[in-house]
Amino acid sequence: MELYGTLSINSLRKYWNYVLKAVTTMSSGIDQIDVEELKKRRLPLGNVPRVLDHAVADITVGLLVAAARRFKEGVEELMTGQWKYGVQWMIGQDIAGSTVGIVGLGGVGQAVVKRLKGFEVAKFIYSGRNDKPEAKYLGAERVPLDQLLKESDYVILSCPLTNETKNMINADSLKIMKKNAVLINIARGGLVDQEALYNALKERQIFAAGLDVVTPEPIPKEHPLLTLPNCYVVPHLGSATIETRNNMAKISAQNILAGVEGKTMPFPAF
């Protein structure tokens, strides 16, 4: 590969530490970055934590409502002239009185709980490696992941993608979940074994899923998940608001400027 038509990438490797001064990602997660390589080269890495919490929490609630109340199925029947009347048509799941389980009670997870409190959720539970001090104020109880999956009417994935969390939702964990359960993923597509999810949704092992993230992205239009009436997928729109994206860009620029000048980044990832 040629760089500016003259220097190849390979020829630049010996000057790498002089050319590259800092790295930042315009995202909260850093799973797409080779962190160990940056640490080895002593290069700073920045990210944009917390600034996208509200926007992502908003779309989480939107996905939850859409999946629980069968928006995709309803719109498809509307558009094809199949609108049916009757007390048993398009019956969905209630949010009031439900148990909501959040895997990863970070900034996004906390913002989601605050929003869902207005829906009169009966119980909030969460799983994670550590207790969250904010949980007491939010009224959320920490439980093991298996217990969360067994008890939750809504399972929301908002944790980082790591070697430990990859495919945490798989054939075995889906079997633990309730028949009426709705799975919401706004974190990373790699948290879910999509083949297992497809089978579980097709067989009505769980009620529905709402996904803002998938693997790969963009997902092919022929992907089996997109054929399911009870799988509501949007194209990674979590932080896609004007104000949020502007703030993410500003923070990324501040990180790079600080890193180039040899200063501590305002938002270092490590």
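Remember, predicted model here, so these are calculated numbers, not experimental data.
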Shared ILVMFWY cluster between I30 and I251, side chains joined below 4.5 angstrom?
no

### Query
Under 3.5 Å, side chain of N167 to main-chain N/O of N170, donor-acceptor pair present?
no

Between N47 and N255, the two heavy atoms sitting closest are O-ND2, 3.1 Å

- Take atom CD1 in I242; do more than 12 heavy atoms of anything else shown fall under 6.0 Å from it? no

Closest non-hydrogen contact found for C159 with L191 is O-CD1, 3.8 Å

Between the CD1 atom in I206 and the CG atom in L183, the distance rounded to the nearest 0.5 Å is 5.5 Å

CE of M168 to OG of S127, rounded to nearest 0.5 Å, is 5.5 Å

Is it true that a side-chain atom of Y126 and a backbone atom of G109 form a donor plus acceptor pair closer than 3.5 Å?
no

One should read off an interatomic distance between D153 CG and M177 CE, to the nearest 0.5 angstrom, of 10.0 Å

In short, side chain to side chain donor-acceptor pair (under 3.5 Å) pairs touching residues 156-165 with sequence neighbours left out are T162-E164, T162-T165

Separation between CG (L64) and CD (Q93), nearest 0.5 Å, reads 10.5 Å

When rounded to the nearest 0.5 Å, the distance separating OH of Y198 from CG of L226 is 11.0 Å

Exercise for the section: Kindly work out whether a path of hydrophobic side-chain contacts (I/L/V/M/F/W/Y, heavy atoms less than 4.5 Å apart) joins L237 to I156. Expected result: yes

Discussion item. Within a 6.0 Å radius of atom NZ on K117, are there more than 12 heavy atoms belonging to other residues, nucleotides or ligands?
Written reply: yes

**Prompt:** Can V121 and Y154 be said to form a side-chain contact (heavy atoms from CB on, under 4.5 Å), step by step?
**Reply:** CA-CA 10 Å; V121 170; Y154 296 93; over 6 Å; no

Closest non-hydrogen atoms of R188 and D31, given as atom of the first, atom of the second and distance, are NE-OD1, 2.8 Å

When every non-hydrogen atom of L45 is compared with those of F270, the smallest separation belongs to CB-CE2, 3.3 Å

Residues 200-214 vs side chain to side chain donor-acceptor pair (under 3.5 Å), sequence neighbours excluded, gives none

Under 6.0 Å from the NZ atom of K136, do we count more than 12 heavy atoms belonging to anything else shown? no

According to a 4.5 Å side-chain heavy-atom criterion applied to Ile, Leu, Val, Met, Phe, Trp and Tyr, with indirect links allowed, do L201 and Y232 form part of one hydrophobic cluster? no

Closest heavy-atom pair, Q110 versus L105, reported as atoms and distance to 0.1 Å, is NE2-O, 3.0 Å

Pair R41 + E37, salt bridge at N-O below 4.0 Å
yes

**Prompt:** Do the side chains of L116 and V155 join up, straight or via other hydrophobic residues, at under 4.5 Å, putting them in one cluster?
**Reply:** no

Practice problem: Report, as yes or no, whether the 6.0 Å neighbourhood of atom CD on E243 holds more than 12 heavy atoms from other residues, nucleotides or ligands. | Solution: no

Output for pair (H223 NE2, L228 CG), nearest 0.5 Å, gives 10.0 Å

By side-chain contact (heavy atoms from CB on, under 4.5 Å), T244 pairs with (sequence neighbours left out) L52, A55, S239, T241, M248

Begin from the C-alpha positions of L211 and L225 and carry the test side-chain contact (heavy atoms from CB on, under 4.5 Å) through to its verdict.
CA-CA 10 Å; L211 311 175; L225 279 177; 4.1 Å; yes

Do any N or O atoms from the side chain of K21 and from the backbone of E261 form a donor-acceptor pair under 3.5 angstrom? no

**Request:** Would you indicate whether W83, at its atom CH2, is surrounded by more than 12 heavy atoms from other residues, nucleotides or ligands within a distance under 6.0 Å?
**Result:** no

For E195, the salt bridge (Lys or Arg N to Asp or Glu O under 4.0 Å) test, sequence neighbours excluded, returns none

With sequence neighbours left out, the residues meeting salt bridge (Lys or Arg N to Asp or Glu O under 4.0 Å) with R245 are none

Smallest heavy-atom separation, G29 atom then T25 atom, equals O-CG2, 3.9 Å

Any chance you could lay out the side-chain contact (heavy atoms from CB on, under 4.5 Å) test for F267 and V48, step after step, and finish with the verdict? CA-CA 7 Å; F267 295 92; V48 290; over 6 Å; no

Over 12 non-hydrogen atoms of neighbours within 6.0 angstrom of NE2 in H54
no

* Report yes or no: does Q194 contribute a side-chain atom to a donor-acceptor pair with the main-chain N or O of V214 at less than 3.5 Å? => no

* **Test side-chain contact (heavy atoms from CB on, under 4.5 Å) applied to E134 and K114, step by step** => CA-CA 11 Å; E134 299 86 353; K114 292 174 184 176; over 6 Å; no

Residue pairs meeting side chain to side chain donor-acceptor pair (under 3.5 Å), one or both in residues 67-76, sequence neighbours left out, come to R70-E73

Taking a hydrophobic cluster as the set of Ile, Leu, Val, Met, Phe, Trp and Tyr residues connected by side-chain heavy atoms closer than 4.5 Å, whether directly or through intermediates, do V182 and L197 fall within one such cluster? no

Report task. Check whether any side-chain heavy atom of D34 sits under 4.5 Å from a side-chain heavy atom of L38, and report yes or no. Result -> no

*asked:* Is it the case that the side chain of R129 and the backbone of G104 share a donor-acceptor pair, with hydrogens and angles ignored and the cut-off at 3.5 Å?
replied: no

